[in-house]
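Data first, discussion second: the structure below is written as structure tokens.
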Amino acid sequence: MKMDHKTRFETKVIHSGYNPKQHFDSLSPPIYQTSTFTFSSIEQGAGRFAGQEDGYIYSRLANPTVSILEEKMANLEEGERALAFSSGMAAVSASIMSTTKANDHILCSKGVYGCTFGLLDMLKEKYSINYTFSTLQTKEEIIANIQDETTCIYIETPINPTMKLIDLQLVTSIAKEKGITVIVDNTFSTPYLQQPLSIGCDLVVHSATKYIGGHGDVVAGVIVGKEETVNEIRKSTQKDLGGILSPFDAWLLIRGLKTLAIRMDRHCDSAEQLADKLRFHPKIKAVYYPGQKQQSDYAIMQRQMKKGGGLISFEVKGTFEDTVKVVNRLQLIKIAVSLGDPESLIQHPASMTHAVVPKSVREEMDISDQLLRLSVGLEAWEDIWADLEQALNDIT
Ligand SMILES: *Cc1c(COP(=O)(O)O)cnc(C)c1O
């Protein structure tokens, strides 16, 4: 089926990137479980290596099942081209390394995924690529933090795990003037809720492990952007560092994507209900959820997101020990990192995902010892609330 810009998202997640006619009319895409592809002659092999002839060569360079996923993701993010990786971090590191070299500078949103923080630290130590954290809230603040060496602005919005938002329009307008590449980690929002490339950002990265796969059974990553930029990443950081996705994992993601829109609606609607319930609970000190009218970022949410997303962070009113007690009392909600699964998952950033971040930096990022992050699952929200309530009521 031909997809154009009028085809709706809910249809594209199912049909785009795949034509059964090219695969023996198979409704579900085949898994091309092969490492290499055969050439009929030296000339044909040479032609493929030279890029003069279409066709596959070797699965680290491209694989037909993986290509279906890549085309679908490019379509959904309104980008020209996508690349799939063996993990979100493989995608994050490939995107950052392809846009920087020694002595360059990265301007980064204050608050990022814990391993992205670890990566920035490693790049600084080993390759002298510097970074600065900024809240990126005002034009003045953004400009003040841009250096002559800045080649990349790296953003998470909503920020993990504080759920603060960054105005993508504001950042890209400044970055464009200065020729700086803007990379957005769109893991929390997915293209269903937010499309940074349509706002003018240059690259989108995903941990496809989360909502894209949506079933907690695969670790994967994706990069989407302009043809030229993405091809550069394909030929350099992806091909030579080698963090490619397996055909079977690509197939799981293609299958997961088909229900992305309906899953996201349910995640978001339940999160809205739970955020409201939490707001009025006496044992809760603060709730951070961009979909709530009371939140300071609500206007930005309405501008750049369809809904508030499926993640809620909140602070327990009490000590660290009280926080531990609440989490350990939960029964339906599972204690686990990761997010975007059918199962509701809760984690404690200070001792789990952001434990690698020094406590002083954590505090600067507003990650307290009482902060919890809830990934609202697909269960009935009333049951999720009943579990939270019984656990919260247990502390004095
Ligand atoms: C999980 C996650 C990553 C890393 O992805 P992996 O698939 O675990 O490698 C990066 N960014 C965000 C926002 C994440 O949630």
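Everything quoted here is computed from the prediction, not taken from an experiment. Order of appearance sets the numbers: ligands from 1, and atoms from 1 within every ligand.
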> With Arg81, which of Glu228, Glu71, Glu227 fulfils salt bridge (charged side-chain N to carboxylate O under 4.0 Å, His left out)?
Replying inline: Glu227
> Any idea which of Asn160, Thr353, Asp185, Val92 brings a heavy atom closest to atom 12 (C) of ligand 1?
Replying inline: Asp185
> What residue among Lys164, Gln304, Met305 forms side chain to side chain contact (heavy atoms under 4.5 Å, CB included) with Thr157?
Replying inline: Gln304
> Can you tell me which residue and heavy atom of the protein come closest to atom 7 (O) of ligand 1, and the distance to 0.1 Å?
Replying inline: Thr209 OG1, 2.6 Å
>> Does Ser189 form a side chain to side chain donor-acceptor pair (under 3.5 Å) with Tyr211? I'd like the steps, not just the answer.
In response: CA-CA 8 Å; Ser189 301; Tyr211 290 110; over 6 Å; no
>> Once you measure the plane-to-plane angle for Phe320 and His348, does it fall in the parallel (<30°), tilted (30-60°) or perpendicular (>60°) bin?
In response: tilted
> Of all the non-hydrogen atoms in the protein, which one sits nearest to atom 6 (P) of ligand 1, and at what distance?
Replying inline: Gly88 N, 3.3 Å
> Nearest to atom 3 (C) of ligand 1 by heavy atom, Phe188, Tyr113, Phe85, Tyr211: which?
Replying inline: Tyr113
> With a 4.0 Å heavy-atom cut-off (strictly under), which part of Ala208 contacts ligand 1: side chain, backbone, both or neither?
Replying inline: neither
> Short list, please: which atoms of ligand 1 are under 4.0 Å from a heavy atom of Ser87?
Replying inline: 7 (O), 9 (O)
> Counting from 1, what ligand 1 atoms have a heavy atom of Ser207 closer than 4.0 Å?
Replying inline: 1 (C), 2 (C), 3 (C), 4 (C), 5 (O), 6 (P), 7 (O)
> With under 30° as parallel and over 60° as perpendicular, where do the rings of Tyr192 and Phe9 fit, or are they tilted in between?
Replying inline: tilted
> So how far is it from Glu389 CD to Leu274 CG, rounded to the nearest 0.5 Å?
Replying inline: 11.0 Å
>> Quick check: Lys210 and ligand 1, any N/O pair under 3.5 Å apart?
In response: yes
> Polar-atom distance check: Val219 versus ligand 1, any N or O pair below 3.5 Å?
Replying inline: no
> Numbering the atoms of ligand 1 from 1, which are under 4.0 Å from a heavy atom of Ala220?
Replying inline: 7 (O)
>> I'd like to know if the side chain of Glu156 reaches the main chain of Val184, judged simply by a donor and an acceptor atom lying under 3.5 Å from each other, with no hydrogens or angles considered.
In response: no
